[in-house]
Colleague: 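Please see the structure below; I have some questions.
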Protein chains: 2
Amino acid sequence: MTLEDVAKRARVSTATVSRVLNGARGVRPATQARVLRAAEELHYTPDLNARSLAGGQPRSLGMVVSNIVNPFFLDIFRSVEARARQRGYDLIVANTDYAPDRLASSIMTILGRRVAGLALVVSETVPPVVSTIAAKLPIVLYDGGGHRLKDVTNIRANYRGGMQRIVEYLHALGHRRMAFIGHHTRLGPLHERREAFLSIAEEYAPRSKVMTVESADGLAGGQEAMRHILDSGFKPTAIACVNDFMAVGAVRELHVRGVSVPGDMSVTGFDNVALSEFAVPSLTTADVPRETIGRLICDALIPSAGEDRPLFRTEMVVETQLIVRESTAPPRSRSVRQGQRRTATASR
Amino acid sequence: MTLEDVAKRARVSTATVSRVLNGARGVRPATQARVLRAAEELHYTPDLNARSLAGGQPRSLGMVVSNIVNPFFLDIFRSVEARARQRGYDLIVANTDYAPDRLASSIMTILGRRVAGLALVVSETVPPVVSTIAAKLPIVLYDGGGHRLKDVTNIRANYRGGMQRIVEYLHALGHRRMAFIGHHTRLGPLHERREAFLSIAEEYAPRSKVMTVESADGLAGGQEAMRHILDSGFKPTAIACVNDFMAVGAVRELHVRGVSVPGDMSVTGFDNVALSEFAVPSLTTADVPRETIGRLICDALIPSAGEDRPLFRTEMVVETQLIVRESTAPPRSRSVRQGQRRTATASR
DNA sequence: TTGAAAGCGCTACCAC
DNA sequence: GTGGTAGCGCTTTCAA
């Protein structure tokens, strides 16, 4: 089923069919109708590969994310996709599962589709080749953490500020022994987030004791990290998690062990994904505005009407906001009792 | 950066470069090395559009899902993707958000990419055009519900059986007044699921009273549906939800109102997504084996070694399994007290 | 307003 | 082993 088939049936040339299908003006209404009808009757489906090979400007964007299962990344994806669609672009996603080697190959795959722009929403350290690509293609890097890239639009959330508000809040509640649950310490950006927690905890509570634990990103990872903490002998009264997703897993482990939240222990998340509001107890967290981020990403990749290239900015920072919910409270005066495990009914 | 650039630099023809890059045998090692180095030095990225235009068999699969945010669909997606990748294919996804008109356009878009096969993992009624397509392309329909399509591999989970085990279990616990929370009644397949609940509830407890409520798929939808039930005056002792995702929202609403689960009310989910295990309380649910479904989908789309077309089967049914966790218990002898709301601290 | 034809970058076939 | 080259289906000049 090709353009030519449609052309034959409508008794016009392929050029005319192409014009009609692309909404070009300057085609006689009668001809147009004939073409449309022919295409309809033949169930014609344009070959997008041929189209983008032949065509001028590409009409798709590419995006690489670290963990599509984490609702944070999923929300960003959906936000970018919605806005892109609105502007006539579609979005190709690739997922790395935090595997550094999959980052490079994902970038290649997407570039192979000849996209108009590329968004890297990843926690991994981006390969140097990206700078080279940036010369020919608008690139956005979200959460590059430490390293801002030249010629690339760097968008980041003020994680340090958010973490500061969280620690400050916990401190104000009276917490002095805290722990941090993170993941993949080796990855630059995430490492930085952990450091933020450490230095801020230090600043707000010089006498405070802290520990940090890392596990895989996800519900199971959060649970496992909490298990480590509880088994370590260190008895914090509050736990700050790197994101909501892991926090839900952490809360689950506390539930299994009969440690009440926030009665016996406070827990905080980060991101303010929908789940944080529906969890029981709902999570105190820091809102990272995913809608805004998606919008900024799109605007940095798609040229606005009349422009040739999208407006380039080196760096943009979005603010985070403390959201207080049920998972935090002042610590009990007596220390949290440990080891009062009950049968772990639902853990595997 | 094209094949020709690489060819020039390596002082060979484009044909040879193509051979090397596609791992064909019969190229002198020295030549091969030269080509590889040239490609490397130029940061050559093959144009996938041109490749699939020119090439023989397409190496990608397409898939349409109803709601990528629902972890059930996300798991299926990941399962199919993993297996496809393993067999050298990649996966293009489109998401409809349950909008029937987006189903048709999603199918067009994917077909436009000239995929080797198409999986429809949707709750919407599929358009008739699908039968036409099936003549040229392997198609899998998951959860077509009522209508099995001819010439299409129909995969479905035994929802009725799962629902039966759930209702049976609730009945055995002593529940007689139940409600069902679903979504999008108008959509064929989902309607059927609700009917299954009704008829089974009828069968197991002839004297039982039931009500059904529909809302949007998702956490917020589950919460809203539960709100309707609680405000309706009908006081069930157990609630069966169409999926885990909505169940978590339902449980949240009960928590907000101070109704304890499972003390005052039992709740069940469906699917057994990871979240159901990490929720507080964890959910009694029916496992729908998403890994298996992903495998079946792939195998119905990709020809096995030596074959020309994948093995065609009209229908395959996967079984569901009851998973008992914390969210269900016998009803209290006294009726559930209603309206003892406490301040809804975190609802908006 | 429409048609003819030149590519887009690649693969695959046929020569050498 | 390697090169030449004919398309794949489409968009886009350039002519008519």
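In what follows, chains are A, B, ... by sequence order, proteins preceding strands, each numbered from 1.
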Colleague: Can you tell me if Thr2(A) touches the phosphate of dG9(D), counting only side-chain N or O atoms and a distance under 4.0 Å to OP1 or OP2?
Modeller: no

Colleague: Identify the residue among Arg113(A), Met63(A), Glu81(A) that makes a side chain to side chain contact (heavy atoms under 4.5 Å, CB included) with Ile92(A).
Modeller: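 With Ile92(A) as partner, Arg113(A), Met63(A), Glu81(A) yield a single side chain to side chain contact (heavy atoms under 4.5 Å, CB included), made by Arg113(A).
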
Colleague: Measure from CG on Leu3(B) to C1' on dG3(D) and round the result to the nearest Å.
Modeller: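 My rounded result for the distance is 14 Å.
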
Colleague: Looking at Arg85(B) and Asp90(B), is there a salt bridge between them, counting it only when a charged N and a carboxylate O are closer than 4.0 Å?
Modeller: no

Colleague: Leu48(A) has an atom CG; how far is it from atom P of dC8(C), in whole Å?
Modeller: 20 Å

Colleague: Between Arg51(A) and dT11(D), is there a contact of a side-chain N or O with OP1 or OP2 at under 4.0 Å?
Modeller: yes

Colleague: Using heavy atoms to find the nearest nucleotide of DNA chain C for Gln32(A) and Ala50(B) separately, return the residue whose nucleotide is more 5′.
Modeller: Gln32(A)

Colleague: Rounded to the Å, how far apart are Asn49(B) CG and dG9(C) C1'?
Modeller: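 The distance from CG of Asn49(B) to C1' of dG9(C) comes to 10 Å, rounded to the nearest Å.
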
Colleague: Want to settle it: does Leu53(B) or Arg34(B) sit nearer the 5' end of DNA chain D, counting the closest nucleotide to each?
Modeller: Arg34(B)

Colleague: Which nucleotide, dG3(C), dT11(C), dT2(D), lies nearest any side-chain atom of Val27(B)?
Modeller: dT2(D)

Colleague: Counting just side-chain N and O atoms, does Thr16(B) come under 4.0 Å of either OP1 or OP2 of dG3(D)?
Modeller: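 True: Thr16(B) side-chain N/O within range (under 4.0 Å) of dG3(D) OP1/OP2.
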
Colleague: For the side chain of Ala15(B), counting heavy atoms from C-beta on, which of dG3(C), dA12(C), dC8(C) is nearest?
Modeller: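 Nearest to the side-chain atoms of Ala15(B), counting from C-beta on, is dA12(C).
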
Colleague: Rounded to whole angstroms, how far apart are CE on Met1(B) and C1' on dG9(C)?
Modeller: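 Spelled out: CE on Met1(B) to C1' on dG9(C) is 13 Å.
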
Colleague: Would you please confirm or rule out a distance under 4.0 Å between OP1 or OP2 of dT11(D) and any side-chain N or O of Ser18(A)?
Modeller: yes

Colleague: Take the protein atom CZ of Arg19(A) and the nucleotide atom P of dT13(D), then report the distance between them rounded to whole Å.
Modeller: 11 Å

Colleague: Among dC10(C), dT12(D), dT1(C), which is the nearest nucleotide to the side chain of Thr31(A)?
Modeller: dT1(C)

Colleague: Can a salt bridge be assigned to the pair Asp299(A) and Arg87(A) using a cut-off of 4.0 Å between side-chain N and carboxylate O?
Modeller: yes

Colleague: Can you check the Leu21(B) CG to dC10(C) C1' distance for me, whole Å?
Modeller: 11 Å

Colleague: Is the shortest distance from a Lys or Arg side-chain nitrogen in Arg78(B) or Asp97(A) to a carboxylate oxygen in the other one below 4.0 Å?
Modeller: yes

Colleague: Between atom CG in Asn22(A) and atom C1' in dC10(D), what is the gap in whole Å?
Modeller: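 Atom-to-atom, Asn22(A) to dC10(D), this comes out as 9 Å.
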
Colleague: Check the orientation of Phe73(A) and Tyr98(A). Use parallel for under 30°, tilted for 30 to 60°, and perpendicular for over 60°.
Modeller: perpendicular

Colleague: Roughly how many Å is it from CG in Asp47(B) to C1' in dC8(D), rounded to a whole number?
Modeller: 13 Å

